[in-house]
Engineer: 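One structure coming up, written as structure tokens, with questions to follow.
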Amino acid sequence: MEIINRRQRMFSIARKLRRENKTVAFVPTMGALHEGHLALVREARQAADVVIVSIFVNPEQFNDRGDLERYPRDLTGDAALLAQYEVDYVFAPELTEIYPEGFSTYVYVEGISEGLEGASRPGHFRGVATVVTILFNTVRPDMAFFGQKDAQQIAVVKRLTTDLGFETEIVVVPTVREESGLAMSSRNRNLTDEEREKAAVIYRGLKEAKLACRNGIRNASELIAIVKKMIEEEPLARIDYIAATDAATLEPIEKIGDSEVVLSAAVFFGKIRLIDNVILNRKQ
Ligand code: PAF
């Protein structure tokens, strides 16, 4: 496994791999790897000749300085883990390799970027879309792997891939959960033991709503109320939003029909903001 710090080196390896007709699977990350990331790496390993993982804590997608500073970083630990998963290249660039001096070009996916996470974290998806574009352009992957937990990010990345003409297939991997049901996230390690245990209520609420949907409740507002009620019973939880939106456009919906709906929640436990979602449609 080679660790690459320079963008130029990553470019030339990507060029060489294309010349050799090797298929490339790419897993973009911000490091602090957990089981959720490793599930993406495992899928990537199965899917292509070469696996490239990027580790870059992207300041452009943090609207809160404290959140950026608190974000866990452990390149040595991450690299050791990735070597065990037969990753071929780790692309871990310095800040100036991605954002050279004078950088002033941003990618913004209109509409999809504005609600939910976009409303709570202004500028977040401009940062995500910009860095994903730079990474795709550098790595030129055949496939890129993203976790279902970040449903809005998936919609943004799919849109930009289509709109900017990247020949990259976006592969979505189901959310990996702790034993309690809490969605795996690098942020979980910043929770106290008690918060971490109690945060499992988010998924319990979402699951309850999914069950209610299966049992015939199709009104989005009723399903949202089910999640809200359960989470509000937990004194450590403070709800940011609970929403039912179309999975592709992120437009709010009123009734669950044939197309995929994301029922999502963002909830604070102390200073830590956690997100999770389940997919609903009439047939599930
Ligand atoms: O999901 C993440 O970890 C990040 O948003 C990503 C896709 C690596 C871009 O910085």
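Numbers here simply count residues along the sequence, with the first being 1. Counting convention: from 1, in listed order, for ligands and their atoms alike.
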Engineer: Using 4.0 Å as the upper bound for N to carboxylate O, is an ion pair formed by E35 and R42?
Structural biologist: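 Result for this pair is yes, salt bridge flagged.
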
Engineer: Just jot down the ligand 1 atoms closer than 4.0 angstrom to any heavy atom of V131, in number order.
Structural biologist: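 Close to V131: 9 (C), 10 (O).
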
Engineer: With atoms numbered from 1 as shown, which atoms in ligand 1 lie under 4.0 angstrom from a non-hydrogen atom of P28?
Structural biologist: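 Going through ligand 1 atom by atom, the ones under 4.0 Å from P28 are 8 (C).
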
Engineer: Specify whether F62 and Y71 have parallel, tilted or perpendicular ring planes, treating 30° as the upper limit for parallel and 60° as the lower limit for perpendicular.
Structural biologist: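 Aromatic pair F62/Y71 classed perpendicular.
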
Engineer: Please list, in number order, the atoms of ligand 1 under 4.0 Å from a heavy atom of Q153.
Structural biologist: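 Here the atoms of ligand 1 in question are 1 (O), 2 (C), 4 (C), 5 (O), 7 (C).
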
Engineer: Heavy atom under 4.0 Å from ligand 1: found in T29's side chain, backbone, both, or neither?
Structural biologist: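 For T29, only backbone atoms sit under 4.0 Å from ligand 1.
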
Engineer: So if I count the atoms of ligand 1 from 1 in the order they appear, which ones are less than 4.0 Å from some heavy atom of Q61?
Structural biologist: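 Answer, ordered by atom number: 4 (C), 5 (O), 9 (C), 10 (O).
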
Engineer: Tell me, please, which residues at least two apart from Y108 pass ring pair (Phe, Tyr, Trp, His ring centres under 6.0 Å).
Structural biologist: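 In terms of ring pair (Phe, Tyr, Trp, His ring centres under 6.0 Å), with neighbours along the sequence ignored, Y108 is linked to no residue.
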
Engineer: For the pair Q152 (side chain) and G115 (backbone), establish whether a donor and an acceptor sit closer than 3.5 Å, ignoring hydrogens and angles.
Structural biologist: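 Such a contact is found between Q152 side chain and G115 backbone.
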
Engineer: Which pairs, with at least one residue in residues 14-33 and sequence neighbours excluded, count as a side chain to side chain donor-acceptor pair (under 3.5 Å)?
Structural biologist: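 Those involving residues 14-33 are E20-K22, T23-D49.
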
